[in-house]
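What follows is a single structure, written as structure tokens, with notes after it.
Each chain gets a letter, A, B and so on, in the order its sequence line appears, and its residues count up from 1.
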2 protein chains.
Amino acid sequence: MQFRDMTADTPTLEAPRGTRSAFVTERVRDMITSGQLEPGSRINERVLVEQLNISRTPLREAFKILEREGLISIRPNVGATVVVFTMDDVEASIEVLIGLESIGAERAAERATEAEIAEISDLHDRMVAAFEAGELMTYFHINQDIHQKIIDAAHNPALSRVYAEECARIRRFRFAGNRDEARWTRAVHEHEQIRDALIRREGPLLRELLRAHHVAGWTAARRALEAEEAATGRAVAQ
Amino acid sequence: MQFRDMTADTPTLEAPRGTRSAFVTERVRDMITSGQLEPGSRINERVLVEQLNISRTPLREAFKILEREGLISIRPNVGATVVVFTMDDVEASIEVLIGLESIGAERAAERATEAEIAEISDLHDRMVAAFEAGELMTYFHINQDIHQKIIDAAHNPALSRVYAEECARIRRFRFAGNRDEARWTRAVHEHEQIRDALIRREGPLLRELLRAHHVAGWTAARRALEAEEAATGRAVAQ
DNA sequence: AGAGCCAATATTGCATGCAATTAATCCCGA
DNA sequence: TCGGGATTAATTGCATGCAATATTGGCTCT
């Protein structure tokens with residue numbers, strides 16, 4: 001089982017569409033989150049420039065964006081290095097996500113439109129289908145979508161933005177726990193309760209269910225990651 | 001009363017220190033948050049380049065950073081425009097800040113060191129002194145510092161980062177309510193309770209106090225901003 | 001006069017070159 | 001053989017020029 005491949009989108013060598021800056025930003029971001037660029041390593045501009053067949057200008061613009069996203073660190077006159085995530089860093093982010101979902105849950109229960117709830121419910125069904133078919137990748141993506149859609153249903157643009165950003169940072173680690181069959185089954189069950197609470201618009205319950213869901217998910221994920229860490233002898237990092 | 005001058009640091013025309021990119025980023029950010037660059041207006045690269053006496057390269061890097069911060073919006077082949085904040089946008093951010101402080105408060109009550117609590121308590125005393133001296137500017141800065149320090153005391157780097165970012169986005173609007181003398185007095189009183197709750201490490205109480213503090217603060221701020229909006233005939237925006 | 005189209009102008013996106021800074025290499029002495 | 005310092009190489013930061021795109025102004029036609 002390759003952890004690395006779980007959430008990485010297929011890295012097709014597509015031609016740059018839109019601005020080169022946007023293209024290279026997305027491309028380098030993928031290279032980091034997929035582990036292609038090793039955490040802690042320096043990023044050589046020239047190598048990347050040749051590899052992506054663009055000039056240094058858009059690459060350096062991408063660096064500035066990715067630094068702001070917290071994926072790389074730029075030291076003036078030295079260069080960019082891939083940020084190393086420790087287990088505690090991920091846990092800290094999870095804690096933030098829980099806090100964001102807490103407020104999102106209550107607001108979503110109040111403000112969600114029936115259409116939004118129906119869409120989430122529909123996503124849930126498709127996620128269950130993916131689970132039953134054993135399609136981990138599909139499950140992950142729908143899962144992520146459900147959580148974001150619940151947040152979006154709170155109708156708070158700032159919340160949606162911050163949540164999405166923080167989510168993206170730790171995407172790879174979040175669902176590692178579901179590799180455990182028992183945990184995965186349990187997660188699906190929890191999601192059923194989450195959907196029901198949303199349909200009944202029970203804010204406090206929804207909030208608590210989401211909190212417990214994340215705590216349980218992260219506990220399992222952390223265990224799995226620590227096992228992998230022990231096996232590979234490397235620190236967990238994106 | 002110039003709203004614009006409240007939080008704007010003295011815009012000294014200092015020489016660029018560090019990289020030009022960092023200098024120009026900070027400079028343009030100040031120009032936006034101070035209102036020098038009008039919300040909704042297009043930003044002309046050439047004008048800014050001449051004004052700041054740098055080339056387009058570092059300016060364009062700054063644009064990418066500021067876009068990521070949500071201060072400007074870049075349309076490819078068209079240019080950068082200053083993002084317009086509506087009242088609801090600010091309110092949404094406040095809601096996020098409340099959510100972040102909620103989780104921060106409980107963790108801070110658990111994890112804060114005695115030194116951190118002492119530092120916050122000290123800041124509080126200095127803030128009260130600024131209040132009694134009627135120094136609004138000083139009060140604002142210390143106030144902001146206190147809130148950030150409480151968050152920092154949660155010992156969650158992700159939380160500290162996200163909080164600081166969101167705080168910066170709406171800095172100008174947050175304390176507008178304190179221009180009302182009565183509200184200002186009340187805010188100081190609330191801060192006293194906040195400090196006491198932290199010293200006694202009463203997490204849930206601290207959390208609720210902070211929530212109420214922000215709600216009351218924003219209610220007053222919103223009222224003040226809407227009055228200003230009516231007076232100037234312009235939408236509230238940074 | 002007003003709408004639509006075309007040319008002229010302005011502005012952006014990107015590549016490249018040069019200077020400044022840092023990292024790597026080599027040489028020398030202990 | 002190992003450490004320290006100077007020289008060389010590599011890398012970064014920035015300015016600038018050119019091509020591509022969007023905007024503006026003017027013109028024609030209805």
Side-chain angles (χ1 to χ4, degrees), chain A residues 12-32 36-84, chain B residues 12-32 36-84:
Chain A
T12 53
L13 285 177
E14 62 204 324
R17 67 179 59 199
T19 66
R20 280 167 172 66
S21 180
F23 161 76
V24 75
T25 302
E26 192 176 340
R27 198 75 190 70
V28 175
R29 190 192 290 120
D30 281 349
M31 292 174 81
I32 293 170
Q36 201 173 334
L37 288 172
E38 211 167 330
S41 67
R42 281 249 315 260
I43 305 178
N44 190 305
E45 281 184 7
R46 192 177 46 78
V47 171
L48 231 53
V49 157
E50 287 168 8
Q51 198 170 332
L52 299 176
N53 201 34
I54 39 91
S55 78
R56 288 176 57 214
T57 306
L59 178 63
R60 289 177 54 77
E61 289 178 358
F63 278 2
K64 296 292 181 183
I65 295 170
L66 295 171
E67 182 185 38
R68 203 77 196 68
E69 290 181 7
L71 292 177
I72 67 174
S73 162
I74 302 177
R75 278 196 309 164
N77 290 317
V78 177
T81 60
V82 183
V83 165
V84 178
Chain B
T12 53
L13 285 176
E14 61 205 322
R17 68 179 59 200
T19 65
R20 280 167 174 66
S21 180
F23 161 76
V24 76
T25 301
E26 192 176 341
R27 198 75 190 73
V28 175
R29 190 191 291 120
D30 281 348
M31 293 173 81
I32 294 170
Q36 201 173 334
L37 288 173
E38 211 167 329
S41 67
R42 281 249 315 257
I43 306 177
N44 189 303
E45 282 184 7
R46 193 177 47 78
V47 172
L48 232 52
V49 157
E50 286 169 9
Q51 200 169 331
L52 299 176
N53 201 35
I54 38 92
S55 78
R56 287 175 58 215
T57 307
L59 178 62
R60 289 177 52 78
E61 289 177 357
F63 278 2
K64 296 292 180 183
I65 294 171
L66 295 171
E67 183 185 39
R68 200 84 200 101
E69 290 180 8
L71 292 177
I72 66 174
S73 161
I74 302 177
R75 277 195 310 164
N77 289 318
V78 176
T81 61
V82 182
V83 165
V84 178

request  = Please list, chain by chain and in numerical order, all residues satisfying side chain to side chain contact (heavy atoms under 4.5 Å, CB included) with A:E67, sequence neighbours excluded.
outcome  = A:I72, A:I74

remark   = Residues passing the side chain to side chain contact (heavy atoms under 4.5 Å, CB included) test with A:N44, sequence neighbours excluded, are A:R46, A:V47

message = Which residues pass the side chain to side chain contact (heavy atoms under 4.5 Å, CB included) test with A:T25, not counting sequence neighbours?
response = A:S21, A:R29, A:A62, A:I65, A:L66

task = Only counting residues at least two apart or in another chain, list the ones meeting salt bridge (Lys or Arg N to Asp or Glu O under 4.0 Å) with B:R56.
result = B:E45

request  = For the residue pair A:T81 and A:R75, establish whether any side-chain heavy-atom pair is separated by less than 4.5 Å.
outcome  = no

key: Sugar-phosphate or base contact per nucleotide [nucleotides 14-21 of chain C; S, B, -; heavy atom under 4.0 Å]   = SBBB---S

query = Can you name the salt bridge (Lys or Arg N to Asp or Glu O under 4.0 Å) partners of A:R68, sequence neighbours left out?
reply = B:E69, B:E165

message = Give the residues of residues 41-50 of chain B touching DNA chain D, defined as any heavy atom closer than 4.0 Å, sorted by residue number.
response = none

Separation of A:L59 CG from A:R27 CZ (nearest 0.5 Å) = 12.5 Å

task = Side-chain contact test, heavy atoms from C-beta onward, threshold under 4.5 Å: evaluate it for B:Q51 versus B:M31 and give yes or no.
result = yes

ask   = Which whole-number value in Å describes the distance from B:I74 CD1 to D:dT21 P?
value = 18 Å

request  = Please state how far atom CZ in A:R75 lies from atom P in D:dT11, giving the value in whole angstrom units.
outcome  = 15 Å

